[in-house]
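The basis for the numbers below is simple: all heavy atoms, side chains too, and nothing from hydrogens, waters or symmetry mates. Position 1 is the first residue of the sequence; numbering continues from there.
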Amino acid sequence: MIKLYDYQLSGNCYKVRLMLSLLGLEHETVWVDLDNGEHKSPEFLELNSFGQVPVLTDGDLVFQDAQAILVYLARRYGSEDWLPLEAEAMSRVMRWLSTTAGEIRQGPEFARLYYKFNVKTVNIEVATQKSATILTLLDNHLSDRAWLELDHPTIADIACFPYVSLSPDAKISLDAYPNVVSWMERIKQLPGYIAIA
């Protein structure tokens with residue numbers, strides 16, 4: 001049985017929840033109380049020594065990190081459409097997993113931490129500028145395509161979607177990025193789509 005250690009408001013947890021739903025996979029959810037430090041408990045640190053969610057277990061297997069979990073779910077339970085085996089196509093998809101852990105994290109995700117969770121260690125000016133940069137790049141990239149890579153959704157789209165779609169929580173308007181908004185709407189139309197909350 002698949003078990004997801006989850007936190008409701010986390011965009012990284014949401015991308016795993018979304019992927020599980022898109023694949024139609026039954027699973028048990030274990031809500032982790034981050035507000036009271038449950039992710040730093042000895043029991044949780046046995047699952048992830050970094051003390052971070054999400055964590056996914058599948059039988060005796062334990063996976064940490066949202067992007068790594070998406071790769072596992074796509075390869076273990078999905079079709080090759082989600083994560084192609086051909087080298088060039090796989091490389092193009094994997095690029096976006098790096099982007100979500102880099103530019104999207106440093107932009108919309110950090111800005112959301114600042115405004116929604118009052119994390120004042122975030123430099124909001126830098127996060128806002130990085131958000132504008134990555135959203136402009138995404139909008140330009142999506143100007144002549146429906147999906148980030150290939151002609152159908154992949155885990156690239158699922159990895160990048162959460163924190164981009166949560167930009168309003170970061171006081172970032174998406175009005176200037178019509179191609180991004182259209183892409184988000186296409187994701188919301190996928191069979192099995194679920195919202196973050």
Side-chain angles (χ1 to χ4, degrees), residues 1-80 82-85 90-114 116-117 119 121-122 127 134 148-149 153-166 169-170 187 192 194-197:
M1 177 66 163
I2 295 172
K3 187 180 293 187
L4 175 63
Y5 292 80
D6 199 344
Y7 179 68
Q8 183 72 32
L9 297 176
S10 164
N12 284 311
C13 289
Y14 168 55
K15 67 183 71 171
V16 176
R17 280 198 310 275
L18 176 57
M19 190 70 190
L20 288 165
S21 184
L22 293 171
L23 292 174
L25 294 174
E26 290 187 18
H27 64 282
E28 176 187 346
T29 300
V30 179
W31 297 109
V32 180
D33 186 354
L34 269 60
D35 298 327
N36 289 307
E38 189 178 355
H39 58 303
K40 302 298 183 185
S41 69
E43 296 80 14
F44 189 83
L45 292 173
E46 286 286 320
L47 293 170
N48 186 352
S49 59
F50 288 174
Q52 298 171 341
V53 290
V55 172
L56 184 132
T57 62
D58 190 358
D60 294 333
L61 302 174
V62 181
F63 300 94
Q64 304 92 1
D65 182 78
Q67 281 61 249
I69 293 169
L70 291 180
V71 169
Y72 172 74
L73 291 174
R75 182 59 64 238
R76 174 71 177 84
Y77 294 104
S79 68
E80 206 174 307
W82 287 109
L83 179 59
L85 289 174
M90 180 188 283
S91 175
R92 293 183 184 283
V93 169
M94 297 303 288
R95 169 204 181 192
W96 292 103
L97 300 192
S98 293
T99 301
T100 195
E103 290 84 354
I104 292 174
R105 177 172 173 76
Q106 296 163 16
E109 182 178 347
F110 278 8
R112 182 173 181 258
L113 285 172
Y114 181 89
K116 189 165 183 70
F117 298 99
V119 177
T121 55
V122 168
I134 188 57
L148 291 178
E149 293 299 337
T154 67
I155 60 171
D157 301 282
I158 306 310
C160 293
F161 173 75
Y163 285 109
V164 171
S165 70
L166 292 167
D169 284 354
I187 291 174
I194 56 170
I196 188 168

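- Side chains of Phe50 and Asp65 form no contact here, defined as non-hydrogen atoms less than 4.5 Å apart.
- No side-chain heavy atom of Val71 sits under 4.5 Å from any side-chain heavy atom of Gln67.
- The number of heavy-atom neighbours closer than 6.0 Å to CZ of Phe117, taken from other residues, nucleotides and ligands shown, is above 12.
- Side-chain atoms of Pro153 and Ile158, non-hydrogen and from C-beta on, never get closer than 4.5 Å to each other.
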Original post:
Should Ile187 and Asp157 be marked as a side-chain contact (heavy atoms from CB on, under 4.5 Å) after you check the CA-CA gap, both sets of side-chain angles, and the distance that decides it?
Top reply: CA-CA 8 Å; Ile187 291 174; Asp157 301 282; 4.2 Å; yes

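- With a 4.5 Å cut-off on side-chain heavy atoms, Ile104 and Cys160 count as touching.
- A donor-acceptor contact under 3.5 angstrom links the side chains of Tyr72 and Asp58, judged on distance only.
- Closest approach of Asp6 and Cys13 over heavy atoms only: OD1-CB, 2.9 Å.
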Subject >> Check against side-chain contact (heavy atoms from CB on, under 4.5 Å), Thr154 and Leu148 >> reply: CA-CA 8 Å; Thr154 67; Leu148 291 178; 5.8 Å; no

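- With values rounded to the nearest 0.5 angstrom, Phe161 atom CZ is found 15.5 Å from Trp96 atom CH2.
- Between Arg95 and Glu149, the closest heavy-atom pair is NH1-OE2, 4.2 Å.
- At least one side-chain heavy atom of Lys15 sits less than 4.5 Å from a side-chain heavy atom of Leu70.
- Here the closest non-hydrogen pair linking Ser10 and Ile196 is O-CD1, 4.2 Å.
- From Thr29, atom OG1 reaches atom NE2 of His27 across 3.5 Å, with rounding to the nearest 0.5 Å.
- A side chain to side chain donor-acceptor pair (under 3.5 Å) with Glu109 is found for one member of Arg112, Gln106, Arg105 and no other, namely Arg105.
- Asp33 places none of its side-chain heavy atoms less than 4.5 Å from the side chain of Trp31.
- Residues Met90 and Leu83 are in side-chain contact: their nearest non-hydrogen atoms beyond the backbone lie under 4.5 Å apart.
- Between Arg17 and Tyr7 the shortest heavy-atom distance is NH1-O, 3.7 Å.
- Distance alone, capped at 3.5 Å, places no donor-acceptor pair between the Tyr14 side chain and the Gln8 backbone.
- Residues Ile155 and Ala74 come closest through the heavy atom pair CG2-CB, 3.7 Å.
- Side chains of Leu22 and Ile194 form no contact here, defined as non-hydrogen atoms less than 4.5 Å apart.
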**OP:** Using the side-chain contact (heavy atoms from CB on, under 4.5 Å) rule, take Val119 and Tyr114 through it: C-alpha gap first, then chi angles, then the decisive distance, then the call.
**Re:** CA-CA 5 Å; Val119 177; Tyr114 181 89; 5.7 Å; no

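- A distance of 7.0 Å separates CD in Gln64 from OG in Ser49, rounded to the nearest 0.5 Å.
- Separating the CZ atom in Arg76 from the CD1 atom in Ile69 is a distance of 15.5 Å, to the nearest 0.5 Å.
- Proximity of a side-chain donor or acceptor of Asn36 to a complementary backbone N or O of Glu38 within less than 3.5 Å is not detected.
- In this structure a side-chain-to-backbone donor-acceptor pair under 3.5 Å is missing from Thr100 to Leu97.
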Original post:
What's the verdict on side-chain contact (heavy atoms from CB on, under 4.5 Å) for Leu56 and Tyr5, showing C-alpha distance, side-chain angles and the deciding distance?
Top reply: CA-CA 6 Å; Leu56 184 132; Tyr5 292 80; over 6 Å; no

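- Atom CG of residue Leu73 and atom CE of residue Met19 lie 6.5 Å apart, to the nearest 0.5 angstrom.
- In terms of heavy atoms, Val53 sits closest to Phe44 at CG1-CZ, 3.7 Å.
- Annotation: the span from Gln52 atom CD to His39 atom NE2 amounts to 8.5 Å, rounded to 0.5 Å.
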